[in-house]
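Heads up, the thing below is written out as structure tokens.
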Amino acid sequence: MLYSEKVMDHFTNPRNVGVIENADGVGEVGNAKCGDIMKIYLKIENDIIADVKFETFGCGSAIASSSMATEMIKGKPLSEALTLTNKAVAEALDGLPAHKLHCSVLAEEAVKAAVKDYYDKNGIEYDHAIFPDCASCGHCETGECH
Amino acid sequence: MLYSEKVMDHFTNPRNVGVIENADGVGEVGNAKCGDIMKIYLKIENDIIADVKFETFGCGSAIASSSMATEMIKGKPLSEALTLTNKAVAEALDGLPAHKLHCSVLAEEAVKAAVKDYYDKNGIEYDHAIFPDCASCGHCETGECH
Amino acid sequence: MNIYADNAATTKMSKAAIEAMLPYFDQIYGNPSSLHSTGQYAAEALFMARKIIAEILGCDAREITFTSGGSEADNQAIVSAASIGAKKGKKHIISSAIEHHAVLHTLEKLKKQGFEITLLDAHENGIVRPEELAAAIRPDTALVTIMYANNEIGSIQPIAELGKICREKGVIFHTDAVQAVGHVKINVVEDNIDMLSLSAHKFHGPKGIGVLYAKKGIPLTNLIEGGAQERGKRAGTENLPAIMGMAAALKEAVSDIDENTAKLIPLRDRLIEGLLQIPHTVLNGDPKLRLPGNANVCFEGIEGESLLLLLDSKGICASSGSACTSDSLDPSHVLLAIGRPHEVAHGSLRLSLSEENTIEEIDYMIEAIKEVVAYLRNMSPVWRDLQEGKRSYVIQ
Amino acid sequence: MNIYADNAATTKMSKAAIEAMLPYFDQIYGNPSSLHSTGQYAAEALFMARKIIAEILGCDAREITFTSGGSEADNQAIVSAASIGAKKGKKHIISSAIEHHAVLHTLEKLKKQGFEITLLDAHENGIVRPEELAAAIRPDTALVTIMYANNEIGSIQPIAELGKICREKGVIFHTDAVQAVGHVKINVVEDNIDMLSLSAHKFHGPKGIGVLYAKKGIPLTNLIEGGAQERGKRAGTENLPAIMGMAAALKEAVSDIDENTAKLIPLRDRLIEGLLQIPHTVLNGDPKLRLPGNANVCFEGIEGESLLLLLDSKGICASSGSACTSDSLDPSHVLLAIGRPHEVAHGSLRLSLSEENTIEEIDYMIEAIKEVVAYLRNMSPVWRDLQEGKRSYVIQ
Ligand SMILES: Cc1ncc(COP(=O)(O)O)c(C=O)c1O
Ligand SMILES: Cc1ncc(COP(=O)(O)O)c(C=O)c1O
């Protein structure tokens with residue numbers, strides 16, 4: 001099969017789908033032109049991710065990666081959420097096909113973008129180096145797909 | 001099937017196989033290098049082919065063509081034997097595959113060569129034009145195969 | 001429910017085709033090049049199959065070359081015509097923007113060898129315009145290759161007209177008829193076709209076998225050198241079981257063509273109508289000039305692969321021009337060529353029916369697709385933006 | 001009596017191979033490129049078949065490319081290696097004089113493109129000498145291609161040794177193993193093989209399917225452009241039923257190889273011994289280093305086609321290197337290459353056995369052949385000349 005059982009589970013029964021109204025942080029990455037956009041909403045309480053929701057336009061592995069990423073950061077301190085890697089997401093899903101690995105990259109980026117949004121909104125200082133810059137992610141509206 | 005029933009009949013039950021001792025005319029054409037040699041023996045009585053035998057080294061259609069050619073000239077005046085064409089032999093066999101037509105040509109040539117031999121041996125005058133010359137038949141020992 | 005609606009990808013073999021193959025596995029298994037009777041029985045069967053197929057296409061048996069499928073036939077047709085052209089200094093080829101990759105990639109290879117390629121526009125309905133072909137033909141045009149029917153959007157080209165233009169201008173005309181043969185009526189003489197490719201597995205025949213028809217007088221260039229099979233133009237021991245299966249499948253498809261068409265068109269149109277009830281959905285390809293079994297739409301705001309997977313979990317086998325269904329990252333070149341923007345092309349769905357599909361299946365599919373599209377839109381940030389007016393709809 | 005002794009031409013499919021194919025005609029018939037489960041079941045089967053075949057050959061599954069047969073694999077191997085060489089300015093290829101036409105004709109094509117071809121002598125026993133290969137390799141040698149076993153005379157080459165020489169000199173080594181796979185033990189690592197061709201119908205598998213093994217790092221050149229199948233190196237919907245049949249046939253052939261060899265060699269040697277009792281008869285190929293099922297002799301004074309036809313009427317299916325069995329007019333290039341004069345090469349007979357043949361069949365064949373040879377010699381003017389001393393015997 002193309003996807004592991006884990007991927008299929010998170011794809012067909014995605015956890016944390018939806019929107020948080022008045023979220024404390026929102027991150028959106030990807031590009032409709034390229035076929036995937038992920039949006040992550042965070043509710044933060046005392047530097048802890050009290051709630052997380054996502055919306056995804058994309059393929060099965062994009063939806064599964066979003067679902068898995070939200071599960072992995074829910075209830076965790078922001079500092080821990082920032083250590084989430086695409087590799088960890090892919091591994092937690094029991095692997096992704098090679099040409100789908102970029103979906104796990106998107107999930108990592110969406111989490112980081114949401115945290116950054118929270119920091120920015122609240123004037124919290126942070127190390128800019130932890131956040132991927134737009135050029136490297138390659139998902140800007142003007143850029144090429146992946 | 002590769003061959004018509006007629007060909008198979010004349011191949012598996014060839015008529016007039018053998019040798020005539022002290023034949024009045026003998027014709028041999030073809031080339032072992034090319035994979036077929038036909039030899040025709042004639043017994044002539046009053047310008048009539050009283051008996052004819054053949055020996056052939058060659059493929060199925062070569063043997064069938066020899067057999068058919070001998071049948072077609074047996075009991076006929078020499079003048080009639082000389083009108084035998086390769087086309088008539090092939091037609092009498094209900095056709096030959098395209099790349100086997102040269103076998104019927106060999107049969108015609110073998111008959112002519114045998115008649116010529118009889119004329120030569122007996123000092124009978126004849127029109128040299130009826131007999132294919134060596135160069136055109138292309139079966140001389142030195143020549144290329146067909 | 002288990003509904004197979006991906007007949008443009010490949011079909012289930014028919015009973016007739018399977019039965020036609022079986023004796024050639026372990027009974028008449030000889031090599032048709034062998035002289036003995038086991039071989040000669042095989043040679044006779046090969047001869048008969050060639051004759052059957054030639055009669056159906058309206059050509060001579062000697063104009064049929066068996067290949068390993070549609071891709072090989074397309075490659076050989078184009079390479080052969082290019083080679084004929086090159087000898088006369090003609091290095092221009094005309095094709096269309098919506099051809100199969102077997103054609104387009106072969107043309108790219110020729111481009112590297114100095115050929116100039118003109119791709120005709122297929123316009124929004126996926127159909128090439130004869131007057132645009134006429135205008136594109138130049139004195140150095142070696143070949144025109146336009147597919148009979150498109151594999152994604154099902155649009156059927158005006159082949160006889162295109163062929164006539166080529167004939168008048170003395171240009172070789174090839175058509176990739178892989179999607180058309182067995183589904184629409186084709187006669188190479190009436191359709192003015194010089195070369196034609198077909199593939200058996202698209203009409204309930206076996207995989208791995210196809211035909212290249214080339215009109216007498218058009219010499220083929222070998223892709224595969226070796227033995228003298230196929231008049232020296234395609235080496236390799238003949239795949240006789242598959243050839244027999246192909247002949248049987250083609251015979252059946254062609255003899256049932258009226259009946260199948262009469263059954264399929266209402267099913268197809270009911271399906272299309274049902275899908276178009278979903279808001280912000282558009283039909284791809286011409287509504288009338290399309291294959292009897294082909295329905296292809298784009299849904300705004302969702303992505304095709306996730307749609308396919310969810311439909312699969314509901315027992316529906318379908319296909320999409322989404323980039324995610326291929327190793328490439330761009331969505332279908334066909335959908336882009338007919339003017340769909342990338343984000344919309346990602347949300348495409350192709351359902352390709354066969355005469356085995358039923359009206360109950362059509363209705364089940366419509367309902368299932370409605371549900372799944374709504375579900376995916378509900379989790380799509382793109383859809384949210386569209387609904388909230390932050391983006392504007394491409395599909396009204 | 002009905003005896004099939006033409007297994008080098010093609011084989012009867014085994015029950016195991018047929019049964020392995022059947023489910024893929026109308027059950028798991030999906031296109032392996034399709035995302036839905038019908039397609040993904042097919043993709044899984046394809047993956048398994050590739051793995052099985054790779055394990056048997058001793059390579060990685062990613063080193064296996066499925067082709068339409070031995071000819072295509074040979075063509076693609078040689079064209080690919082030539083293209084790699086050409087990029088480095090290496091345009092010399094070494095092969096042998098007794099290769100199959102799929103190899104020789106591809107080399108002729110490359111010659112026209114500026115490649116220089118050296119054909120090694122196969123000597124009287126049909127075997128290439130490693131020291132002659134070593135001496136022939138030049139700094140600009142791009143490829144050495146030597147067949148594993150010969151299809152006519154059955155001689156088996158010292159492949160591991162030849163491969164070692166190539167490896168030491170950094171030259172790509174391809175072997176056409178079409179006649180060897182399933183009949184002799186092959187491991188691409190132990191045999192130092194970089195590229196290998198095989199064809200399923202030579203080991204009781206289906207026709208129209210083969211494999212090109214290419215060691216990792218050797219990029220292939222497409223013969224067929226189009227879809228992304230076979231890692232983009234061979235376009236066309238995968239012929240999954242045939243691939244499954246091939247995997248099953250190979251598995252069976254390889255697991256039975258010791259048993260089959262132990263059975264075949266005594267049969268083969270009894271047959272050869274029997275035939276050599278006929279006066280003025282010579283064995284073609286090496287008496288020991290030959291395929292377990294191959295017997296090939298020349299009879300002086302007769303022609304092969306008539307021999308075959310008469311044997312056929314006695315129920316024996318055999319083959320000959322006679323010119324008359326082909327459209328060409330020269331007898332087998334293999335027999336000429338091992339030094340048989342034309343007139344003797346015309347009188348050749350190849351019997352290629354399978355494990356289904358019995359000792360009774362062997363004895364029947366010997367008697368039948370004795371009779372037929374005597375009969376044909378009796379009507380042969382060449383034989384008469386030999387007997388009467390007007391010609392001299394070539395075969396003592
Ligand atoms: C040695 C050898 N190479 C190549 C081939 C070609 O294989 P295929 O007929 O499967 O293309 C054959 C048999 O025909 C063969 O015997
Ligand atoms: C239009 C078209 N051309 C060519 C092909 C290639 O055919 P095959 O897969 O038999 O090589 C296909 C299908 O895959 C097709 O739909």
Handout entry: Sidechain-backbone polar pair: D:N75 side chain, C:I224 backbone, donor-acceptor under 3.5 Å
Key = no

Exercise for the section: Report yes or no: does D:D26 contribute a side-chain atom to a donor-acceptor pair with the main-chain N or O of C:K12 at less than 3.5 Å? Expected result: no

Handout entry: Heavy atoms from other residues, nucleotides or ligands near CZ of D:R231 exceed 12 (cutoff 6.0 Å)
Key = yes

Practice task
To the nearest 0.5 angstrom, please state how far the OG atom of D:S71 sits from the CG atom of C:L223.
Solution key: 12.5 Å

Exercise for the section: Determine whether C:F25 and D:M21 make a side-chain contact, defined as any pair of heavy atoms from C-beta on separated by less than 4.5 Å. Expected result: yes

Handout entry: C:T10 side chain near D:T38 side chain, heavy-atom distance below 4.5 Å
Key = no

Practice task
Find the distance between CG (D:D6) and CG (C:L35) and round it off to the nearest 0.5 Å.
Solution key: 9.5 Å

Handout entry: Non-hydrogen side-chain atoms of C:H201 and D:P241 separated by less than 4.5 Å
Key = no

Exercise for the section: With a 4.5 Å cut-off on heavy-atom pairs, point out which of D:I209, D:L240, D:V103, D:T11 contacts chain C the most. Expected result: D:T11

Exercise for the section: Answer yes or no: is there a donor N or O on one side and an acceptor on the other, between the side chain of D:K207 and the main chain of C:Y29, under 3.5 Å? Expected result: yes

Exercise for the section: Pick one of side chain, backbone, both or neither for C:L22, based on which atoms fall under 4.5 Å of a heavy atom in chain D. Expected result: side chain

Practice task
Check the surroundings of atom OH in C:Y41: do more than 12 heavy atoms from other residues, nucleotides or ligands lie under 6.0 Å from it?
Solution key: no

Completion exercise
Ranked by heavy-atom pairs below 4.5 Å to chain C, first place among D:I78, D:N239, D:N222, D:T106 goes to D:N239

Fill in the blank from the handout: Okay, C:A235 and chain D: the region with an atom under 4.5 Å from a heavy atom over there is both

Problem - Pairs of heavy atoms under 4.5 Å with chain C: top-ranked of D:H204, D:K109, D:H100 - result: D:K109

Fill in the blank from the handout: Whatever's closer than 4.5 Å to a heavy atom in chain D on C:E238 counts as backbone

Handout entry: Rounded distance (nearest 0.5 Å) linking atom OH of D:Y4 with atom OG of C:S34
Key = 5.5 Å

Practice task
Would you name the heavy atoms of C:G226 and D:H105 that are closest together and state the gap between them?
Solution key: O-ND1, 2.9 Å

Problem - Toward chain D, the part of C:A318 with a non-hydrogen atom under 4.5 Å - result: backbone

Completion exercise
Among D:G315, D:S313, D:G208, the residue with the most heavy-atom pairs under 4.5 Å to chain C is D:G208

Completion exercise
Partner of C:S37 under side chain to side chain contact (heavy atoms under 4.5 Å, CB included), picked from D:N2, D:L309, D:D312, is D:D312

Problem - D:L104 side, atom CG; C:E225 side, atom CD - distance, nearest 0.5 Å - result: 11.5 Å

Problem - N/O donor-acceptor pair under 3.5 Å between C:H36 side chain and D:C317 backbone - result: no

Handout entry: Under 3.5 Å: donor-acceptor pair, side chain of D:N31, backbone of C:A9
Key = yes

